[in-house]
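This structure is a prediction, so every number in the text was calculated from the model and none was measured. If you read the sequence from its start, that first residue is 1, and numbering goes on from there.
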Amino acid sequence: GIQRIRLNDWHETGTPYRVAEIEPMPTINEDAEASAVLAQRAIGLARNLVNSGAHAPSSQALEEIEAIEDPEPLADLIAYHLIRDPARRQELLGINELGERLRYVINQLINVGPSLP
């Protein structure tokens, strides 16, 4: 979980371990101020879901979410706790631009939130 990567290929090595060919996927933050605003919006939506008690994990999850100051891992942590659909979480992992990633999380919390198990 240190850096996003793209798996390009797997190589057989003749040993019990496979070796992956990877490519770094650095996060692009084109507008840090906008990302900070989006992060606060995402935290607010996460808080509402957790406090509703109907579709969210424990209050400890909210404490973890609210303790994150960097918007980049925040998007991933919210997705981990509140976006249950693996396909949607996988799609999120492929988004390099932070503002777009946070907007995706916000959209999921607004539109998918009420139907979370």
### Query
Would you say the side-chain atoms of Y104 pair up with the backbone N or O of R88, donor to acceptor, closer than 3.5 Å?
yes

### Query
Do V105 and I68 share a hydrophobic cluster (ILVMFWY, side-chain heavy atoms under 4.5 Å, transitive)?
yes

### Message
As an exercise, state the distance from CD of E97 to OG of S35, rounded to the nearest 0.5 Å.
### Response
6.0 Å

### Query
Backbone N or O of I95 within a donor-acceptor pair of the E100 side chain at under 3.5 Å?
no

### Query
Can you name the closest pair of heavy atoms from A46 and I65 and give their distance?
CB-CD1, 4.2 Å

### Task
Answer yes or no: is there an ion pair linking R4 with D76, defined by an N-O contact shorter than 4.0 Å?
yes

### Message
Count I, L, V, M, F, W, Y as connected when their side-chain heavy atoms are under 4.5 Å apart, and connections chain through other members. Are I22 and W10 then in the same cluster?
### Response
yes

### Message
Do N96 and T27 have side chains that approach each other closer than 4.5 Å (heavy atoms only, starting at C-beta)?
### Response
no

### Message
A side-chain contact here means heavy atoms from C-beta on lying under 4.5 Å apart; do R101 and L92 qualify?
### Response
yes

### Task
Using the side chain to side chain contact (heavy atoms under 4.5 Å, CB included) rule, take E72 and L98 through it: C-alpha gap first, then chi angles, then the decisive distance, then the call.
CA-CA 6 Å; E72 184 176 355; L98 184 55; 4.2 Å; yes

#### Entry: Heavy-atom side-chain proximity of L62 to N51 below 4.5 angstrom
yes

### Message
Rounded at 0.5 Å granularity, tell me how far CD1 in I106 sits from CG in N111.
### Response
11.5 Å

### Task
Could you tell me whether the side chain of P71 reaches within less than 4.5 Å of the side chain of L102, counting heavy atoms only?
yes

### Task
Determine yes or no for a side-chain-to-main-chain donor-acceptor pair under 3.5 angstrom, with E12 supplying the side chain and G14 the backbone.
no

### Message
Can you confirm whether L38 sits close enough to R103 that some side-chain heavy atom of one is under 4.5 Å from a side-chain heavy atom of the other?
### Response
yes

### Query
Between atom CZ of R47 and atom CG of L109, what is the distance when rounded to the nearest 0.5 Å?
12.5 Å

### Query
Side chains of H11 and R18: closer than 4.5 Å at any heavy-atom pair?
no

### R84 CZ to Q108 CD distance, which is reported to the nearest 0.5 Å
13.0 Å

#### Entry: R89 side-chain N/O to I83 backbone N/O, donor-acceptor pair under 3.5 Å
yes

#### Entry: hydrophobic_cluster_shared for V37 and I110, side chain cutoff 4.5 Å
no

### Task
State, with a plain yes or no, whether a side-chain heavy atom of E66 is found less than 4.5 Å away from one of I43.
yes

### Message
Do N8 and E23 make a side-chain contact, defined as non-hydrogen atoms from C-beta onward lying under 4.5 Å apart?
### Response
yes

### Backbone of Y17 reached by a side-chain donor or acceptor of T13 within 3.5 Å
yes

### Task
Drop me the distance from E21's CD to I5's CD1, to the nearest 0.5 angstrom.
11.5 Å

### Task
Give a yes or no on whether the backbone of A34 and the side-chain of D31 come within a donor-acceptor separation of less than 3.5 Å.
yes

